[in-house]
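Report on one structure; see the data block that follows.
The analysis underlying the following values was restricted to heavy atoms, covering all of them including side chains, and did not include hydrogens, waters or symmetry mates.
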Amino acid sequence: MFRKILIANRGEIAVRIARACRELRIPSVAVYSEPDTKSLHVRVADEAHALEGFAPSESYLNVSKLLDAAKKSGADAVHPGFGFLSENAKFAEACSKAGLKFIGPTPEAILKMGDKIGAKQFLKPHGIPVIPGVEKPVSDPKEAKTIADGIGYPVLVKAAAGGGGKGMRVVRKAEELAASLEGAQREAKNAFNDDRVFIEKYIEGPRHIEIQVVADEHGNTIHLFERECSLQRRHQKVIEETPSVALDAELRERMGATAVKIAQLIGYSNIGTMEFILDAQKNFYFLEVNTRLQVEHPITEMVTGVDLVKTQIRIAEGETLDAILPPRRQTGHAIEARIYAEDPENNFLPSIGTIKRLREPRGEGVRVDTGIYEGWTIPMEY
């Protein structure tokens, strides 16, 4: 068992991981930037270490500061949560070199699948269906136009690293391409410290289906069914549900088998999500692998009875799936809604300020994962 786990993140996911640590009786360590001094994750962890600085690049994206906090706290493992450095192979490797267990896949698996361009290049020869496009980074507007003209509009300009809808732009006309390319690069750089983008065909009216995969470090791999994340805004998921009403038993089995095959091809361990696009004719295409925990993991937990964060930790401790998972089954139906702090009267721009009143929903079957509390001030940095 781990002695202590450092949570290299903030907000509701840091709170969620701290809860799992507490239930496993493993002390947790929070880290925080200056604006996050009074954040909820700092309060709920067993101890907290300041990273100093305001911007993410000075704090949650600063590898040396995170490793120093782990060393000072006596942590022997790091959970990256989602976002920030969770899909950064260099961070996973740095943790290993520092004698810390990275609670996630190996750096090699992250390199293969955390990069969307590399993932498509690797999987295509193995018969995995991929969305038509060009599997290389594009930065020059003239080259981008040549590629987009060849694919045919609409196209999607997409960040090679990270996820969460960051660094993505739908382009329907050639005149929009240069600005979209620049915008996607800038957003990807800010979110993932990696400005590489590529171009692929944009499939109109798709369903976004993802399969939750769980793999131990002994070669055992299963899937825990699907989540549908088709209701999005600005390529950011808003509503997620499981099971998907678009899948019948046969299609569910085929997509699940494909997801497991992908995981096995790359030697994947820990948990990950294989994302697919489903078109109107029920053809599915590989989209990407999220080599981390997903924001929407709670709905899978609700219908399977599996605590995915505890599972991540126990896999990282070397346990087998047989030892830690109940019989695989899916019971009931779950829906997740993401609640945003935005101003609907100002084009839904982020809304900062003090939360004066907070009343969370309660009742049977209701779950709230949150990183806020009444009286807390939402910082402009996040």
Side-chain angles (χ1 to χ4, degrees), residues 2-24 26-88 91 94-95 98 100 102-103 162 164 166 187 189-193 292-293 295 309 313 338-343 349-360 368-382:
F2 295 130
R3 295 190 309 271
K4 191 180 289 186
I5 295 175
L6 181 129
I7 305 167
N9 219 297
R10 65 178 300 278
E12 85 278 3
I13 188 55
V15 174
R16 168 73 182 91
I17 297 166
R19 187 184 82 209
C21 289
R22 185 177 303 108
E23 292 175 359
L24 288 172
I26 303 172
S28 62
V29 182
V31 290
Y32 61 95
S33 63
E34 291 182 41
D36 269 337
T37 302
K38 296 183 179 180
S39 289
L40 185 60
H41 75 284
V42 177
R43 293 185 170 195
V44 301
D46 293 298
E47 61 184 271
H49 289 253
L51 297 175
E52 300 182 347
F54 286 79
S57 60
E58 300 172 326
S59 53
Y60 301 106
L61 289 172
N62 191 304
V63 173
S64 62
K65 286 184 179 180
L66 292 169
L67 296 181
D68 186 55
K71 182 179 179 180
K72 288 179 178 178
S73 69
D76 56 346
V78 173
H79 197 306
F82 48 66
F84 291 131
L85 293 169
S86 62
E87 294 181 282
N88 189 300
F91 179 54
C95 287
L100 299 163
F102 180 81
I103 300 175
K166 301 293 176 62
E187 191 172 287
K189 178 68 174 178
N190 290 337
F192 315 116
N193 199 29
R292 55 171 171 81
L293 187 68
V295 179
V309 181
I313 294 169
R338 303 191 192 186
I339 310 302
Y340 295 88
E342 296 178 339
D343 185 355
L349 289 175
S351 179
I352 62 174
T354 301
I355 299 172
K356 296 181 179 179
R357 187 173 185 272
L358 177 65
R359 294 293 181 270
E360 296 175 350
V368 178
D369 283 38
T370 185
I372 66 174
Y373 59 89
E374 193 169 288
W376 180 61
T377 299
I378 299 172
M380 64 180 295
E381 289 81 5
Y382 309 106

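Annotation: side chain of Ile13 is in contact with side chain of Arg16 (closest heavy-atom distance under 4.5 Å). Within the 4.5 Å cutoff, no side-chain heavy atoms of Lys65 are placed close to those of Val31. Taking the side chain as every heavy atom from C-beta outward, Arg19 and Val309 never approach each other to under 4.5 Å. Considering only heavy atoms from C-beta on, Glu374 stays 4.5 Å or farther from Lys356 through its side chain. Considering only heavy atoms from C-beta on, Val63 stays 4.5 Å or farther from Asn88 through its side chain.
The nearest pair of heavy atoms linking Arg10 to Pro379 is NH2-CG, 4.2 Å. Listed here is the closest heavy atom pair of Phe102 and Ser86: CZ-O, 3.9 Å. Nearest heavy atom pair, residue Trp376 against residue Ile372, reads CZ3-CG2, 3.4 Å. Between Gly371 and Val15, the shortest heavy-atom contact is CA-CG2, 4.4 Å. Minimum heavy-atom separation, Pro80 to Ile103: CD-O, 3.5 Å. Residue Ala341 comes nearest to Ile378 through the heavy atom pair CB-CD1, 3.7 Å, listed as atom of the first residue, atom of the second, then distance.
A donor-acceptor distance shorter than 3.5 angstrom exists from the side chain of Arg22 to the backbone of Val44, with no hydrogens or angles considered. Formation of a donor-acceptor pair under 3.5 Å by the Glu34 side chain with backbone atoms of Glu52 is not found in this model.
Atom CG of Leu61 and atom CZ of Phe91 lie 10.0 Å apart (nearest 0.5 Å). Distance check, rounded to the nearest 0.5 Å: CD1 of Ile352 to CD of Glu381 gives 8.5 Å. Here Thr37 contributes atom OG1 and Tyr32 contributes atom OH; the two are 5.5 Å apart, rounded to the nearest 0.5 Å. Distance check, rounded to the nearest 0.5 Å: CD1 of Ile313 to CD1 of Ile17 gives 7.5 Å. Note that CG of Asp76 is 7.5 Å distant from CD1 of Ile5, once rounded to the nearest 0.5 Å. Taken from NZ in Lys4 to CG in Asp46, the straight-line distance is 8.0 Å, to the nearest 0.5 Å.
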Stepwise side chain to side chain contact (heavy atoms under 4.5 Å, CB included) check, Lys38 with Thr377: CA-CA 9 Å; Lys38 296 183 179 180; Thr377 299; over 6 Å; no
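With Tyr382 as the fixed residue, the side-chain contact (heavy atoms from CB on, under 4.5 Å) test singles out one of Ser39, Pro35, Pro350: Pro35.
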